[in-house]
Amino acid sequence: MLDKIKLNIISNRKLCENENLEKQIEKIFSAYEKKIILENFDIVSLTLREKDLNKNEYLKLIEKIYPICQKYKINLILHQNYDLNLDDKYNIEGIHLSYNIFKSLNENIKAELIKKYKRIGVSIHSLDEAKEAESLGASYVVAGHIFKTDCKKGLEPRGLKFVEDLSSTLTIPIFAIGGIDEKNSQSVIDRGAFSVCMMSSIMKY
């Protein structure tokens, strides 16, 4: 039997019914726990993406989503908001940053983040970006987009060869993203990805 595929869910409340992310996450995690969906997957994390929210709105969303993640023992990963004033009650181990933000951080801020979070993920779209992210201290990279996806309409996907190239070059884990679903996930893992990321297919469940 094949090992379960590690899955990082990416949130997008705009794809949820009535934009109710809280309800959608509860629905996904509950169905997963009952083995109704994603039987071949091990959900390792939820990345709270929601790029259009200001800091206060984002903090309010953390308040709602964090308890659900705790209930189902799934790690919550923050997205971009590295300067949030988080309450001590939150035990959040990961943060995800764009390549440009990560690259532009001064050494002091970067050192603080590395101390504060166990894992710092960085989005990359080329081999050179991936190598630089690793050399600057990223814990893992999120590489995409691998397959065609509505989120990147008109942009040519980088394909499985991109995952292979990254896998033969990097020593840190690769999280693959972009057009990934239950059917094509294994092909991405077989090329050397540590984990896959899903957004659209899950947020519309």
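Worth saying up front: this structure is predicted, and the values here are computed from it rather than measured. Atom set for the values below is all heavy atoms of this structure, side chains included, hydrogens, waters and symmetry mates excluded.
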Under the side-chain contact (heavy atoms from CB on, under 4.5 Å) test, which residues partner [X], sequence neighbours left out?
X: Glu112; value: none
X: Pro157; value: His145, Lys148
X: Ser45; value: Asn8, Asn75, Ile77
X: Asp52; value: Arg13, Lys14

Quick one, [X] and [Y] - any side-chain contact, counting heavy atoms below 4.5 Å?
X: Leu21; Y: Leu48; answer: yes
X: Asp42; Y: Ile5; answer: no
X: Tyr82; Y: Leu97; answer: yes
X: Glu93; Y: Tyr117; answer: no
X: Leu76; Y: Thr47; answer: no
X: Met198; Y: Leu7; answer: yes
X: Leu84; Y: Leu78; answer: yes
X: Leu59; Y: Leu61; answer: no

In Å and rounded to the nearest 0.5 Å, what is the [atom1] to [atom2] distance from [X] to [Y]?
X: Lys161; Y: Ser167; atom1: NZ; atom2: OG; value: 11.5 Å
X: Asn184; Y: Phe147; atom1: CG; atom2: CZ; value: 4.0 Å
X: Leu46; Y: Ile68; atom1: CG; atom2: CD1; value: 9.0 Å
X: Cys69; Y: Ile74; atom1: SG; atom2: CD1; value: 6.5 Å
X: Ile65; Y: Lys60; atom1: CD1; atom2: NZ; value: 15.0 Å
X: Leu15; Y: Ile10; atom1: CG; atom2: CD1; value: 12.0 Å

**Item:** Heavy atoms from other residues, nucleotides or ligands near CD of Glu57 exceed 12 (cutoff 6.0 Å)
**Value:**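 More than 12 heavy atoms, drawn from other residues, nucleotides or ligands, come within 6.0 Å of this atom.
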**Request:** Look at Glu26 together with Lys71 and state whether they make a salt bridge at an N to O cut-off of under 4.0 Å.
**Result:**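 Result for this pair is yes, salt bridge flagged.
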Sequence neighbours excluded and cut-off under 3.5 Å, please list the side-chain donor-acceptor pairs for residues 129-137, or say none.
{"unit_1": "Glu129", "atom_1": "OE1", "unit_2": "His125", "atom_2": "N", "d": "2.8"}
{"unit_1": "Glu132", "atom_1": "OE1", "unit_2": "Tyr99", "atom_2": "OH", "d": "2.5"}
{"unit_1": "Glu134", "atom_1": "OE2", "unit_2": "Thr171", "atom_2": "N", "d": "2.9"}
{"unit_1": "Glu134", "atom_1": "OE2", "unit_2": "Thr171", "atom_2": "OG1", "d": "2.4"}
{"unit_1": "Glu134", "atom_1": "OE2", "unit_2": "Ile172", "atom_2": "N", "d": "3.1"}
{"unit_1": "Ser135", "atom_1": "OG", "unit_2": "Glu132", "atom_2": "O", "d": "2.8"}

Mind listing the closest non-hydrogen atom pair of [X] and [Y] along with its distance?
X: Asp181; Y: Lys183; result: OD1-N, 2.9 Å
X: Phe162; Y: Ala143; result: CE2-CB, 3.9 Å
X: Lys110; Y: Leu105; result: CE-O, 4.1 Å
X: Ala193; Y: Val163; result: N-CG1, 3.7 Å
X: Ser185; Y: Ile180; result: OG-CG2, 3.5 Å
X: Ile25; Y: Met203; result: CD1-CE, 3.8 Å

Pairing residues for [X] by the salt bridge (Lys or Arg N to Asp or Glu O under 4.0 Å) criterion, not counting sequence neighbours:
X: Lys116; result: none
X: Lys55; result: Asp83
X: Lys73; result: none

With the 4.5 Å side-chain cut-off for hydrophobic clustering, are [X] and [Y] part of the same group?
X: Leu113; Y: Phe102; value: yes
X: Leu160; Y: Leu155; value: no
X: Val122; Y: Ile114; value: yes
X: Leu53; Y: Met199; value: yes

Can you tell me which residue pairs pass the ring pair (Phe, Tyr, Trp, His ring centres under 6.0 Å) test with a partner in [range], sequence neighbours excluded?
range: residues 13-37; answer: Phe29-Tyr72
range: residues 179-205; answer: Phe175-Phe194
range: residues 41-66; answer: Tyr66-Tyr90

Any donor and acceptor pair, going by atom type alone, linking the side chain of [X] with main-chain N or O of [Y] inside 3.5 Å?
X: Gln24; Y: Ile202; result: yes
X: Ser104; Y: Asn100; result: yes
X: Asn81; Y: His79; result: yes
X: Arg158; Y: Gly144; result: yes
X: Ser30; Y: Lys27; result: no
X: Ser139; Y: Ile120; result: yes

**Request:** Please assess Val142 against Ile124 for the test side-chain contact (heavy atoms from CB on, under 4.5 Å), listing each intermediate value before the final yes or no.
**Result:** CA-CA 6 Å; Val142 175; Ile124 57 93; over 6 Å; no
**Pairs meeting criterion side chain to side chain donor-acceptor pair (under 3.5 Å) with involvement of residues 188-200, two or more places apart** =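 Sorted result for residues 188-200: Glu164-Arg191, Gln186-Asp190.
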**Request:** Would you please test His96 and Ser123 for side-chain contact (heavy atoms from CB on, under 4.5 Å) and show each step?
**Result:** CA-CA 8 Å; His96 179 88; Ser123 293; 2.6 Å; yes
